[in-house]
Amino acid sequence: MVAGVEVTGEGLSCRRGDRLLFTDLSLNARPGTLTAIVGPNGSGKTSLLRMIAGLLKPEAGTLTLSTGGVADEEPATLLCYLGHHDALKAQMTARENLEFAARWQGAVRDPDEALARLGMTRQADLPVGYFSAGQRRRTAFARCWMVGRPVWLLDEPTSALDSAGRAAVIDLIGAHVADGGTVIAATHETLIAGAAELRVA
Amino acid sequence: MVAGVEVTGEGLSCRRGDRLLFTDLSLNARPGTLTAIVGPNGSGKTSLLRMIAGLLKPEAGTLTLSTGGVADEEPATLLCYLGHHDALKAQMTARENLEFAARWQGAVRDPDEALARLGMTRQADLPVGYFSAGQRRRTAFARCWMVGRPVWLLDEPTSALDSAGRAAVIDLIGAHVADGGTVIAATHETLIAGAAELRVA
Amino acid sequence: MLRFANPKKFLDLSGALLPWLWLGAIGLMGWGLYAALFATPADYQQGDSVRIMYIHVPSAWMASFIYGFMFIASVVGLVWKHPLADTAAKEAAPIGACFTAACLITGSLWGKPTWGTYWIWDARLTSVLVLFFLYLGYMGVWAAIEDRAKAARAAAILCVVGVINIPIIRFSVEWWDTLHQGPSVVRFENGKLAPSIDPSMLWPLLAVAVGCTLLFFALLFVRMRTDIARRRIRTLMTMKAAA
Amino acid sequence: MSAFLALVRRDLLLSFRIGGGPFLGLAFFLTVTAMLPLGVGAKLNLLGEAAAGFLWVAAALASLLSLDRLFQADAEDGSLDQLALGALPLEFAVLAKAIAHWLTTGLPLTLAAPVLALMLNMPEAGYATLTLSLLIGSPVFSLAGAIGAALTAGLRRGGLLLSLLVLPLFVPVVVFGAGAVSAAINGFEPGAAFLFLGAVSLFSLVLGPVAGAAALRIHLS
Amino acid sequence: MSAFLALVRRDLLLSFRIGGGPFLGLAFFLTVTAMLPLGVGAKLNLLGEAAAGFLWVAAALASLLSLDRLFQADAEDGSLDQLALGALPLEFAVLAKAIAHWLTTGLPLTLAAPVLALMLNMPEAGYATLTLSLLIGSPVFSLAGAIGAALTAGLRRGGLLLSLLVLPLFVPVVVFGAGAVSAAINGFEPGAAFLFLGAVSLFSLVLGPVAGAAALRIHLS
Ligand code: HEM
Ligand SMILES: Nc1ncnc2c1ncn2[C@@H]1O[C@H](COP(=O)(O)OP(=O)(O)OP(=O)(O)O)[C@@H](O)[C@H]1O
Ligand SMILES: Nc1ncnc2c1ncn2[C@@H]1O[C@H](COP(=O)(O)OP(=O)(O)OP(=O)(O)O)[C@@H](O)[C@H]1O
Ligand SMILES: [Mg+2]
Ligand SMILES: [Mg+2]
């Protein structure tokens with residue numbers, strides 16, 4: 001059981017350049033739920049996720065991560081973020097990439113187990129530069145699972161994945177949610193039936 | 001009506017590192033058809049596409065592009081390739097990117113029209129570095145359509161696209177096929193019902 | 001040339017030649033060095049340090065010669081896609097690097113008594129150093145690319161491009177005024193090649209030089225045979241793994 | 001601490017695998033020392049007097065020209081986001097990356113300095129001072145340089161801005177560093193110059209990470 | 001032709017937007033010339049004699065240190081594939097990119113050379129020769145350098161290899177270039193050196209694109 005963290009946003013608005021992507025957006029993601037951010041291309045899904053991760057300042061509004069009703073001081077250490085970019089170093093092997101992440105962000109699970117869960121055992125010692133698009137994505141998701149923080153922010157987690165990879169990812173998301181985790185995912189497809197939908201535009 | 005180009009491969013095999021990805025693969029893509037390359041992650045779909053594009057040498061086997069039964073001398077100028085990477089320069093605007101491609105590869109259509117077809121008119125003068133994942137993908141596909149060569153090699157053309165973008169892409173693929181073009185696409189989803197399937201592993 | 005294309009023929013031929021190569025190399029170098037160290041007189045200016053010449057000059061010649069050999073092998077490999085030529089170029093490089101290093105080391109040891117310094121940035125010295133780097137770079141390309149065919153092509157391109165350094169080494173003494181000796185073993189005189197050092201020094205020098213050449217081919221053949229054997233083992237292992 | 005060292009290690013590993021790590025730095029300095037006398041003409045005594053100056057300028061240049069990639073690769077592939085979400089504040093990430101940068105540019109030069117000085121015919125009295133001054137002073141190039149690199153990561157005109165920003169920080173270090181060596185050669189005490197270099201180095205040890213992290217945060221959002 | 005020019009233009013545009021184009025090159029050379037006298041200690045006459053050598057070495061280094069990115073950015077973002085599928089053979093792509101590289105490194109130096117020479121107190125007799133020799137010789141750094149850049153694009157230890165590979169090609173140019181200027185200063189005719197520089201330049205104009213494209217093709221597959 002992971003610590004239940006609730007993500008609350010109120011009156012959020014986001015500006016990129018001179019354009020307001022969205023205004024007065026509210027969100028509430030409780031522990032044990034999956035929230036899907038939906039909207040057309042360029043509507044601000046990625047921007048919203050980055051905002052929650054603390055990587056982008058909201059133009060207006062407030063964002064809090066709270067455990068048991070108490071707002072957290074260091075939100076950055078409560079969450080993991082899987083962006084469009086896989087954030088893997090092409091010159092390092094999959095295992096080396098994960099081992100570094102385990103050191104830098106801390107980890108609750110073993111890198112090898114994480115890779116195995118996504119069917120990447122055979123490629124663990126290959127430099128990521130040789131990977132196919134799907135293998136890369138699997139490795140990036142494996143990192144997220146390995147780090148195992150309560151809040152997962154996922155930007156199109158299943159892109160480039162084949163059906164087996166997609167099933168594995170959806171499985172692990174489901175398990176995390178069942179375990180009391182909070183998952184917020186931006187996606188163009190249905191990940192888990194019954195996910196709450198948050199429309200950005 | 002574009003010149004009908006037939007793509008034929010016989011006994012192809014592909015080696016990456018010391019692994020054989022596939023052996024003795026044959027393919028035949030006739031003008032006016034869409035061939036979908038399917039297979040799990042890392043099975044060699046991208047590699048096959050690059051091989052057809054002439055970017056990767058087959059370990060064994062032959063590949064020919066022929067117009068009206070006559071093998072072509074310069075296959076590189078008959079095809080366009082949309083890879084996993086969008087091949088867009090972040091510091092240039094969408095229009096500048098397309099204008100360069102039009103000069104370098106030649107083009108049968110107008111950059112602005114191509115951007116318009118994919119709903120990117122409003123972003124045409126924004127540097128690609130600011131684009132969302134879907135906007136980038138749209139721009140890359142727009143380049144392919146603008147260049148307008150007979151053979152299209154598409155690697156997951158609809159990845160990161162919303163439903164409108166996907167519809168636009170499938171539409172343009174359909175039109176090209178109807179027009180006598182040859183489309184070979186690697187993908188994890190059904191693009192057009194009735195596409196021939198080529199399984200790589 | 002192409003008759004020796006397949007490794008089998010090469011293995012047979014090199015196997016038959018190797019004993020003679022070793023014999024010739026050891027014999028010539030043995031006699032040459034003996035004559036150089038004990039039988040020839042010391043130089044009236046340089047004293048005994050002149051004896052370094054019998055190593056220095058042949059290794060300087062070998063450094064260029066082996067590069068030239070690699071150049072030809074690379075061209076053959078590029079044009080005729082001949083795997084044996086690639087192997088030859090690849091295996092020659094470390095030997096060439098060793099001769100170059102020997103030339104640099106003996107040269108700077110010789111420099112101390114004659115010029116009063118181990119090293120100066122003179123054009124010939126620098127261009128030999130650069131040749132040494134070129135060998136290292138060539139070996140580096142082979143080491144950096146895992147795919148053998150790709151590595152062979154890349155290294156061959158590098159070798160072909162780098163060959164311009166050879167005339168530069170040869171003529172650097174004439175183009176730039178330097179401390180280093182001009183060609184003084186053989187010279188063109190009245191349109192004829194004429195030796196310009198005493199025969200008692202010339203013969204041992206030539207013997208060592210020819211001996212070094214034979215030594216090079218002996219080492220090269222051994223290395224190539226090892227490489228061929230190593231690759232065979234690899235193929236067998238992968239076949240076994242696949243089965 | 002283990003997180004911090006892990007990042008230093010990662011950057012070193014990457015620099016090894018991409019460029020050959022400290023050996024690239026060494027090759028660069030060897031190149032400089034090989035080309036200089038040839039270009040200048042082997043007027044040995046002339047070279048020797050100026051050697052310390054050359055080496056210091058070369059160190060500054062090598063840092064300057066490799067700094068622009070310090071954060072850029074991480075920014076492009078999304079790693080910067082992950083660095084910002086680590087267990088340590090971003091300041092430590094900047095410090096770790098600057099240290100790794102120094103280990104592959106400043107340190108190899110420092111260690112090779114006596115050999116290079118020998119090759120450039122520098123008077124022997126200056127060897128120790130040269131090495132010591134480089135050891136104390138060259139971290140500034142990586143630490144203060146990190147501020148510029150962070151400010152310009154992903155910005156348009158990054159490279160140009162970078163030179164303009166870090167140059168004023170580099171020049172005094174070069175002047176005092178080379179000054180210390182020529183003082184030692186001429187028989188003076190280089191003490192004051194060492195004090196200055198040490199002070200600047202300590203100052204940039206604090207300022208670099210703090211200002212660098214602040215600059216990166218702007219860029220992230 | 002229009003395709004060729006389009007690629008030159010694109011690379012220039014990118015270099016402008018990323019690094020300030022030729023101005024980055026200028027800033028670099030100004031930095032060097034500003035630092036050198038400070039580092040060497042203002043022994044002006046000593047500087048003046050060696051000025052041509054410094055400028056030539058600086059030109060070689062500036063090219064060397066920017067060459068490793070020549071094809072790498074294109075290889076990483078997939079643009080290299082598109083370049084290979086153009087209407088022109090890959091040779092022209094290499095040539096166009098080398099030209100753009102020269103326009104942002106070699107050319108600004110050539111144009112600024114008289115000013116820099118003045119700053120370094122070079123005897124006036126050498127100005128014209130310096131400028132002309134740079135104009136003729138500096139393209140080699142970009143053209144021959146492109147071979148090294150293509151050979152090492154995407155390789156492990158690429159950076160280190162690159163320096164090893166291009167150094168042998170650069171050294172003779174530096175020597176002859178600097179030699180020409182010092183000949184002119186001392187009242188000799190620099191004609192032979194010009195001939196050599198011109199020959200090498202023409203040679204690399206052909207060899208660079210051909211060998212560079214061959215090397216790129218290896219990496220593509
Ligand atoms: C590290 C220092 C040195 C290097 C790299 C070097 C390099 C070379 C090279 C490359 C050659 C062959 C030239 C050719 O093929 O035409 C050569 C030949 C020769 N070197 Fe050196 N050398 C060095 C030091 C010296 C010294 C100190 C001496 C004695 C004063 C010396 C005397 C000679 C002589 C007599 C020859 C034969 C010249 C000829 O007939 O071609 N070298 N050296
Ligand atoms: N400096 C800028 N000026 C103008 N617009 C900008 C700027 N930076 C970003 N944008 C715009 O902000 C939006 C970014 O949206 P974001 O990446 O959050 O979209 P998204 O919903 O994730 O889309 P996708 O489904 O394609 O991933 C885009 O429309 C982009 O054009
Ligand atoms: N040097 C190498 N050594 C070993 N394996 C390699 C090497 N380079 C590539 N590979 C392997 O080759 C395969 C590349 O496959 P490719 O990119 O064609 O897959 P794909 O079918 O397009 O997959 P995806 O659906 O994920 O895009 C991967 O399994 C990868 O691990
Ligand atoms: Mg997005
Ligand atoms: Mg793929």
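Numbers restart at 1 for each chain; the letters A, B, ... are given by sequence-line order, proteins then strands.
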What closest approach, in Å, do A:Ser132 and B:Gly42 show between heavy atoms, and which atom pair accounts for it?
OG-N, 3.3 Å
Output the residues of residues 95-122 of chain A for which the shortest heavy-atom distance to chain B is under 4.5 Å, in residue-number order; output 'none' if no such residue exists.
A:Arg122
How about residues 153-167 of chain A versus chain B: which residues have heavy atoms under 4.5 Å apart?
A:Glu156, A:Ala160, A:Leu161, A:Asp162, A:Arg166
Mark yes when over 12 heavy atoms from residues, nucleotides or ligands other than A:Glu10 sit less than 6.0 Å from its CD; otherwise mark no.
no
Straight-line distance of B:Glu189 CD to A:Glu189 CD, nearest 0.5 Å:
8.0 Å
In chain order, what residues pass the ring pair (Phe, Tyr, Trp, His ring centres under 6.0 Å) check against A:His176, with sequence neighbours excluded?
A:Trp152
By residue number, those in residues 133-145 of chain B with heavy atoms under 4.5 Å from heavy atoms of chain A are B:Ala133, B:Gly134, B:Gln135, B:Arg138
